[in-house]
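Notes follow the structure.
Residue numbering restarts at 1 for every chain, and letters A, B, ... go by the order of the sequence lines.
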2 protein chains.
Amino acid sequence: MGLIKTEKFSESQNQIALFAKAFGHPARVAIIQHLFKINACVCGDLVEEIGLAQPTISQHLKELKNLGLIQGTIEGTSVCYCINKDNWTAMKTLLNGFFNNNLDSNTCC
Amino acid sequence: MGLIKTEKFSESQNQIALFAKAFGHPARVAIIQHLFKINACVCGDLVEEIGLAQPTISQHLKELKNLGLIQGTIEGTSVCYCINKDNWTAMKTLLNGFFNNNLDSNTCC
DNA sequence: ACTATTAATCGTAATATTGCGATATACAAA
DNA sequence: TTTGTATATCGCAATATTACGATTAATAGT
């Protein structure tokens with residue numbers, strides 16, 4: 001056990017969970033917020049900004065990259081990371097569909 | 001280690017991460033979707049609907065309840081769970097603020 | 001009181017995540 | 001070519017999560 005039974009759920013449910021999990025750690029929230037704030041950035045900035053060790057930040061960046069939410073291009077010795085607009089928009093659409101259910105008709109016992 | 005260093009992050013960042021983590025498992029996504037769909041429900045429904053064991057569902061419900069996203073009232077031998085409207089709205093506001101950053105000005109290298 | 005039903009809790013095994021020191025890689029500058 | 005700088009990867013320890021069988025608790029119906 002300790003293994004998620006993805007086969008019990010729809011593709012959409014698994015996708016929502018994967019994206020949500022990406023934001024389920026404050027370091028990754030902070031990374032995304034920083035990328036939005038300065039519009040493009042390198043990993044070194046983030047290590048200072050966030051205050052975790054460099055390998056730890058690198059690992060969090062990798063997770064966000066694997067999901068396609070950010071992308072990195074090599075610039076000499078450093079890497080320039082930024083939000084992947086298309087995938088970010090797609091993620092937002094998926095999660096908004098989940099969040100914006102109508103609560104008005106929701107009557108509780 | 002294996003312990004999140006919450007002290008390195010703002011309260012808002014930690015809150016966003018906590019809510020996101022709640023949706024980071026497809027079973028919890030499915031539970032919320034089912035609650036929206038039928039507008040009020042009992043745990044038994046969910047065990048059938050989702051196909052995980054009863055203790056597992058109960059555990060997932062507990063996590064959502066601890067975060068305040070759902071609430072349960074006892075109805076005889078069963079429990080009636082439903083979305084907590086106020087907290088759901090607050091969560092939505094917080095996460096929307098995070099998602100709806102302006103991407104137009106985001107120029108990549 | 002006894003039995004059935006529903007949901008919570010306990011205990012535990014399997015797996016995943018987090019964090020970082022040490023090291024590797026890749027490029028730039030001297 | 002050597003040295004410095006930036007980032008990725010490896011390996012591991014600590015902790016968290018997932019899942020469920022067994023049990024418990026609480027109520028309903030007989």
So what does A:Ser78 touch, heavy atoms closer than 4.0 Å: a base, only the sugar-phosphate, or nothing? sugar-phosphate

If you only use heavy atoms from C-beta on, which nucleotide in C:dT17, C:dG19, C:dA7 is closest to the side chain of A:His25? C:dG19

Expressed as a whole number of angstroms, how long is the span from A:Glu48:CD to D:dT7:P? 11 Å

OP1, OP2 of C:dC20 versus side-chain N and O of A:Thr56: anything below 4.0 Å? yes

Atom CG of A:Leu18 to atom P of D:dT18: distance rounded to whole Å? 12 Å

Hey, does the side chain of B:His60 come within less than 4.0 Å of D:dT17's phosphate (OP1/OP2), counting only N and O? no

In whole angstrom, what separates B:Glu75's CD from D:dT27's P? 13 Å

Look at all strands and tell whether B:Lys8 reaches a base, only sugar-phosphate, or nothing, counting heavy atoms closer than 4.0 Å. nothing

Whole-Å distance between C:dC20 C1' and B:Lys5 NZ? 8 Å

Across the strands shown, which category fits B:Ile57 at heavy-atom distances under 4.0 angstrom: base, sugar-phosphate, nothing? nothing

How close or far is atom C1' of D:dA16 from atom CD of B:Glu63, stated in whole angstroms? 10 Å

Between CD1 of A:Ile50 and NE2 of A:His60, what distance do you get to the nearest 0.5 Å? 8.0 Å

B:Ile31 CD1 to D:dA19 P: how many Å, rounded? 10 Å

Can you check whether A:Phe36's main-chain N or O pairs, donor with acceptor, with B:Asn101's side chain at less than 3.5 Å? no

Nearest-nucleotide check on DNA chain D, B:Gly76 vs A:Asp45; residue mapping nearer the 5' end is A:Asp45

Between D:dT7 (C1') and A:Ile50 (CD1): distance, integer Å: 15 Å

Enter the distance from B:Cys43:SG to B:Gln54:CD here, rounded to the nearest 0.5 Å. 6.0 Å

Excluding sequence neighbours, so at least two apart, what forms ring-ring contact (aromatic ring centres under 6.0 Å, His included) with A:Phe9? none

Side-chain contact test, heavy atoms from C-beta onward, threshold under 4.5 Å: evaluate it for A:Ile32 versus A:Ile70 and give yes or no. yes

Looking at the side chain of B:Ser58, which of C:dG19, C:dA8, D:dG4 is the nearest nucleotide? C:dA8

Taking the side chain of B:Lys21 as heavy atoms from C-beta outward, which of D:dT17, C:dC20, D:dA6 is closest to it? D:dT17

OP1 or OP2 of C:dA8 under 4.0 Å from side-chain N/O of B:Tyr81: yes

Mind checking A:Leu52 for me? I need base, sugar-phosphate or nothing, with any heavy atom below 4.0 Å counting as a touch. sugar-phosphate

Return the nearest nucleotide to the side chain of A:Leu3; candidates are C:dT15, C:dT9, D:dA8. C:dT15

Note: for B:Ile4 and A:Gln54 on DNA chain D, the residue whose nearest nucleotide lies more 5' is A:Gln54

Hey, does B:Val42 have a side-chain heavy atom less than 4.5 Å from the side chain of B:Val79? no

I want to confirm an ordering. Mapping A:Pro55 and A:Arg28 to their closest nucleotides on DNA chain C, which one lands closer to the 5' end? A:Arg28

Of the listed nucleotides D:dA8, D:dA19, C:dA28, the one nearest the side chain of A:Thr77: C:dA28

NZ of B:Lys62 versus P of D:dA19: gap in Å, rounded? 16 Å

Base, sugar-phosphate, or nothing for B:Val47, non-hydrogen atoms under 4.0 angstrom? nothing

Measure from the side chain of A:Ala53, starting at C-beta and using heavy atoms only, and say which of D:dG4, C:dC20, D:dT7 lies closest. C:dC20

